[in-house]
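Below, chains carry the letters A, B, ... as their sequence lines are ordered, and counting in each starts from 1.
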Amino acid sequence: MHKPRMHLVASFDIAHLQYLDEQGRATQALPDFATPDALQAMYRQMALARLVDDHAVKLQRTGQLGTYPSSLGQEAIGVGTGGALRRQDIYCPYYRETGALLERGVEVAEILAIWGGYERGQDFRHAPGDFPLCIPIATQLLHAAGVAFALAYQQRHMGAEPRVVVTSAGDGASSRGDFYEAMNLAGAWKLPVVFVINNNQWAISVSRRAQTAACTIAQKAVAAGINSLQVDGNDVIAVRAAVSDAVERARAGGGPMLIEAVSYRLCDHTTADDASRYCPPDELEAARAREPLLRLARYLGHAGLWDSAREEELQRELAEIMERELLAYRDWEPEVPTAMLEHLYATLPEPLLEQYDELAAMPPPTGAS
Amino acid sequence: MHKPRMHLVASFDIAHLQYLDEQGRATQALPDFATPDALQAMYRQMALARLVDDHAVKLQRTGQLGTYPSSLGQEAIGVGTGGALRRQDIYCPYYRETGALLERGVEVAEILAIWGGYERGQDFRHAPGDFPLCIPIATQLLHAAGVAFALAYQQRHMGAEPRVVVTSAGDGASSRGDFYEAMNLAGAWKLPVVFVINNNQWAISVSRRAQTAACTIAQKAVAAGINSLQVDGNDVIAVRAAVSDAVERARAGGGPMLIEAVSYRLCDHTTADDASRYCPPDELEAARAREPLLRLARYLGHAGLWDSAREEELQRELAEIMERELLAYRDWEPEVPTAMLEHLYATLPEPLLEQYDELAAMPPPTGAS
Amino acid sequence: MPAITLVEAVTQALAYELREDPRVVVFGQDVGVNGGVFRATDGLQAEFGGARVLDTPLAENMIAGIAVGMAAQGLRPVAEFQFMGFIYPGLDQMLSHAARLRNRTRGRLSCPLVYRAPYGGGIHAPEHHSESTEAIFAHIPGLRVVVPSSPGRAYGLLLAAIRDPDPVIFLEPKRIYRALRQEVPDNGEALPLDRCFRLREGTDITLVAWGAALKETLAAAEQLSAEGVEAEVIDPATLKPLDIHTIIDSLEKTRRCVVIHEAARFCGLGAEIAAQINEYAFDLLDAPVHRVTGFDTVMPYYRLEDCYLPDMERILAGVRRTLEYPA
Amino acid sequence: MPAITLVEAVTQALAYELREDPRVVVFGQDVGVNGGVFRATDGLQAEFGGARVLDTPLAENMIAGIAVGMAAQGLRPVAEFQFMGFIYPGLDQMLSHAARLRNRTRGRLSCPLVYRAPYGGGIHAPEHHSESTEAIFAHIPGLRVVVPSSPGRAYGLLLAAIRDPDPVIFLEPKRIYRALRQEVPDNGEALPLDRCFRLREGTDITLVAWGAALKETLAAAEQLSAEGVEAEVIDPATLKPLDIHTIIDSLEKTRRCVVIHEAARFCGLGAEIAAQINEYAFDLLDAPVHRVTGFDTVMPYYRLEDCYLPDMERILAGVRRTLEYPA
Ligand SMILES: Cc1ncc(C[n+]2csc(CCOP(=O)(O)OP(=O)(O)O)c2C)c(N)n1
Ligand SMILES: Cc1ncc(C[n+]2csc(CCOP(=O)(O)OP(=O)(O)O)c2C)c(N)n1
Ligand SMILES: [Mg+2]
Ligand SMILES: [Mg+2]
């Protein structure tokens, strides 16, 4: 057909935020929260996350832990996100979340226990309102929408203080209907929820480009009529700034937001994966040069806030923490067979008593690992 | 935070297409296909659809048909869409589809039989590749994506001619994950599929605005990285032009497209619904003035191509068709009880023989309606 | 006190609990102004406002998933699925999360929620509107599956379901939504979950049925009585966890049992009941447990639905066969 | 001819059928370059190209749904779900469409497709990676549910499943993916669906099991044999439709039966088998049909998974109890 005349009914722009470039140079004035102390604290948390991941992978390799998903290279996303929440806010994480969990006060030993085969690891002692790590991809995004409804409801009708929920997922998760349904509801009901996508370019072996024809994940928010932003996910300042801004806007009643944090998975998908089967080595090498710790260290170094002595001191301190947590994991109280029925319902229904007794008569398992 | 600098990574525009305004005046030169004959034929099909709907509702009211969803006011969408396909293309319809089904060659009696409680109505004699009417909202959109893959596959690897699939759904369906998953796959795999949304402003009693914060349905395609367009769904020329264009682009390998056809449901959701419970009467009245038959009749009248004599003649002709089809429906061969097992599997598995015999021994049902 | 129907009893229970417990919220498709397509939520939005009685966008997976988040955060969500045939997109959230949240957080978070859905056939509805797949949900550890069969039980069991600290699938037999009226005092008294109801005493045979199938089952029992056969009729009401002991107790008297359900036979709940009777009461039985059920095929369009549903003829035939065993 | 594992037999069958039938396409998450997380599709994309062996975006509902469209349009789609724990978003498409398309179009369109998924526990995988909910699928009219338990049966049954004109859920017991090797000639010979396999002859008791549970079941049978008890072991393989007659035939000899499955007991497939035995062979039975199964709870994280799975001890205990009945 010949080109007809049409009129414009809507227009959308997707913006990208960065503070530190790949060389650790500030590309613009840093936000107010970025004091030397705060930056050093973020660096410390990223370093701890990396150390935890490193040890967890080693534990797995030596048969002391089950499958483990490292967040190597994506520490800025977890730490930047976790730091943007207040204690009483709620976090609905996916499974690749070391940095954010640490920020939320989850203990390293709890994280290890989860992947070490103990449900009790999910009983976050210091983050009692947070959701457990979520394995079925994207399903946690709907929980977050529900939590957000509850928080707004409790604020408006039950006199509670304003709270916000943040939830995370991977780029692969953005192909699931759940992601879209959660955003759409959040938009329609203007819920206080922030969706953070760790775009690490891979869903196991499926590349971001094979996942969708959309050129950004951020633009997927347009479908739901909600705001979105793409941030440099290797720049912890940008992540923290974007999520903080979204969280506080949501807290003030401004509704939901989607944040796409662009990063790269510098490791296997999990310890059960072998990324060399599908990940182009040169792409991986190029990504390594953009990683978040090096970048922040460079910035801090340029600013005279970091040097090798401080790095060594930090590593010593973190090694001690790790040591302590590894012991706590090794001494983790084993679960007894009846544990599998004890928390299924609030009270064990009578018809299950017989099965309970059968489990009670069983010898505890011998050191499965 | 103070306003940071961001850079733009993507931009999207949503356009709207119209040829005839509410008074039936051309707002721009009509497309080539819009010859007097073609326009009169489209008018005829819309009038037939309206007549079928009208009779179906009456049959239901008199206990001769089950629940029925009329497409009153939305005839331009079905007729404009159905006319854009070639015979060998595939159509995956939802349930509110009288106009499109007629265009595809489905018999009125078949349509009545479906809603009259006979599976055999779905055995479209003249549209053997088309999908049956789909009741579970939005699920057909995924079938269409699968069909599109098959058509492209058969073209590329099995020497078949290029074919396209068109699928339809309502505005409510656009909230389902399926809609997004189907568009996303179609985009990622560049499939020859066109998604047509009948935005009739209601999903039963839930208004379009309560359904989503997105200001258009068309913009939901941005999430999938595919093209989209909003059309005046009461302007059959615009619908036909937009869908034809999308279909031919898809046929040529140009990939999928989403078309939002903006209209209004001028009737109850189905015969089981009472729209007066929730639909504002003034909104309904205003919408009535924009309806598609009146609009095209006015245009044709201005152009000297239509008058009350021709209208009467048309109505006489359609009434005859309707008469014949009503008889065919009344004489529809009843299903016998064993029919419910005969087509479950290609061959009845042995373990079901006993149940088959039980059904075979049953008296046929006595005139359920 | 006016006598009310089953669907009105549902409304009455929802209203009672909305009034008494500020944590209760009711949501789903068309539950607001429209009052639900079966009017189960009629008038609730007008009385309790749009903040507590909400129309959702059209997405069942979403409805199931947000209920988990709401419940974990301290609310008492009651979600409606418009028809059981449209509940399946929500199954993932029910099975993977609602049923498990308490267990995987070792009791830290829980899911006190209710998923309601009209279910069953026989109302001449279109395709996909006549499902009865309760067995799918009954197989899922951590859920409760509850089916009322009278206005009184609808009221009492729904209150219990909303107050229960764990997730409940509440399936409402829509064929009998308006089939009979009872006086149901609006006193907020819940009925016990996890307990069978003995609807009729008898000594000759035990009939187990739930939901709409009880209509024909009770009618069959009356017919049998006229013939001198006294059937005991048991409504499990809570299908999971199942109170098998009340059924076994009945078998001590009757030694013969027929299970009646609308759902397809294969891997239906009747199989579980037969298997447990076999396990717990093998020596009591004078005849095999007989199942009168829907056929193992898709529920047909409405012209044939009466052939699909167990009717009095088929129930009576099953009973006679069981009584005459071995014949 | 080298001996191959069960997962290699799956690959061999897929390759055979891709080679022989241009309508066959294989797709799912990571099935391409990566060859699937269990390597079931290893090398297939290299051999048959990206047009026939495709990685999909991450959406199980989508995977289930597009297979319906492909199959209806004449292809022979074989879709992989990465783990059974992630199949549930696809249930709606399987139940509402794949299983029904032939019926609702009265044979005009059909769904010759295979949904494959690794299933079962015991590999120390994370949460949601150890599901065995075959009973849910077995309840759905119109589906076939097939579970292989050896490399030879994996090859022959998968070929049959792909060639079958109707939809098949093909569940692969991942715990025994590499547990044993067999020589499996790549001759394209399918094994029959809808037929039990008698894996061991015996006269004293009938053991019915499928998938990975056959490992312990067969071991238990050997142990029993050493004790002078000869167990007949039957693998139904096609769980729906179920060939009950081979089981009944066996009971004519043995008069006692134990069903073993990993899945939760309540409304599991064991219940259906017990119910049908009760119906067809009530008089044959010398003892109630006994079920040795997973517990009615969520499959625990890996530290306790061995307590959940039926092991040889529990199978032997169940057999002894059944043999000694009444005791
Ligand atoms: C519903 C579901 N399907 C499949 C899987 C298996 N699986 C685990 S992680 C993963 C890829 C996820 O990729 P992405 O969302 O990008 O997150 P990432 O792991 O890269 O952080 C898949 C397919 C799962 N856990 N859940
Ligand atoms: C999955 C599913 N959920 C609910 C329903 C019940 N239902 C039938 S039509 C309808 C509203 C659909 O609205 P829309 O998509 O806008 O289409 P329209 O009927 O307005 O043309 C609903 C909720 C259904 N058929 N399928
Ligand atoms: Mg990723
Ligand atoms: Mg609509």
Tell me, out of [options], who's got the most heavy-atom pairs with chain B below 4.5 Å.
options	answer
D/Val25, D/Thr56, D/Asn103	D/Asn103
D/Asp92, D/Thr105, D/Asp194	D/Thr105
D/Arg102, D/Met70, D/Met62	D/Arg102

For the residue pair [X] and [Y], does the interplanar ring angle fall in the parallel (under 30°), tilted (30 to 60°) or perpendicular (over 60°) class?
X	Y	result
D/Phe86	D/His128	tilted
B/Tyr118	B/Tyr329	perpendicular
B/Phe195	B/Phe179	perpendicular
B/Phe149	B/Trp189	tilted

Side chain, backbone, both or neither: which part of [X] has an atom under 4.5 Å from a heavy atom of chain D?
X	answer
B/Cys134	both
B/Ala148	neither
B/Ile90	side chain
B/Leu191	neither
B/Tyr153	side chain
B/Glu110	neither
B/Glu342	neither
B/Asn184	side chain

**Any side-chain heavy-atom pair of B/Phe131 and D/Leu101 under 4.5 Å** =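 Side chain of B/Phe131 against side chain of D/Leu101, heavy atoms only: contact under 4.5 Å found.
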
**Item:** Shortest non-hydrogen separation from D/Asp235 to D/Val147 and the atoms involved
**Value:**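 Where D/Asp235 meets D/Val147 most closely, the heavy atoms are OD1-O, 4.4 Å.
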
**Closest non-hydrogen atom pair between D/Arg52 and D/Val24, with its separation** =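 Scanning both residues completely, I find the closest heavy atoms to be NH2-O, 3.0 Å.
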
Can you say whether [X] sits under 4.5 Å from chain B via the side chain, the backbone, both, or neither, judging by heavy atoms?
X	answer
D/Ile244	neither
D/Asp166	side chain
D/Pro241	both
D/Asp164	neither
D/Ala67	neither
D/Ser110	neither
D/Ala64	neither
D/Arg76	neither
D/Asn61	both

**Prompt:** Which of these passes salt bridge (charged side-chain N to carboxylate O under 4.0 Å, His left out) with B/Glu119: D/Arg100, D/Arg104, D/Arg106?
**Reply:**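 Single salt bridge (charged side-chain N to carboxylate O under 4.0 Å, His left out) partner of B/Glu119 among D/Arg100, D/Arg104, D/Arg106: D/Arg106.
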
**Prompt:** For the salt bridge (charged side-chain N to carboxylate O under 4.0 Å, His left out) test, which of B/Glu103, B/Glu161, B/Glu248 pairs with B/Arg86?
**Reply:**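 For B/Arg86, the salt bridge (charged side-chain N to carboxylate O under 4.0 Å, His left out) check succeeds only for B/Glu248.
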
**Message:** Let's go through D/Val37 and D/Phe83 carefully: what are the C-alpha distance in whole Å and the side-chain angles of both, what is the deciding distance for side-chain contact (heavy atoms from CB on, under 4.5 Å) to 0.1 Å, and is it a yes or a no?
**Reply:** CA-CA 9 Å; D/Val37 293; D/Phe83 287 85; 4.1 Å; yes

Top contributor to chain D interface from [options] [non-hydrogen pairs under 4.5 Å]:
options	answer
B/His157, B/Gln122, B/Met158, B/Arg120	B/Gln122
B/Ala150, B/Pro351, B/Pro132, B/Ala145	B/Pro132
B/Leu151, B/Ile114, B/Val165, B/Leu185	B/Leu185

**Prompt:** Under 4.0 Å between a Lys/Arg side-chain N and an Asp/Glu carboxylate O for B/Asp130 and B/Arg104?
**Reply:**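 So B/Asp130 pairs with B/Arg104 through a salt bridge.
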
Tell me whether [X] at atom [atom1] has more than 12 heavy atoms from other residues, nucleotides or ligands lying less than 6.0 Å away.
X	atom1	result
B/Arg125	CZ	no
D/Arg19	CZ	yes
B/Gln88	CD	yes

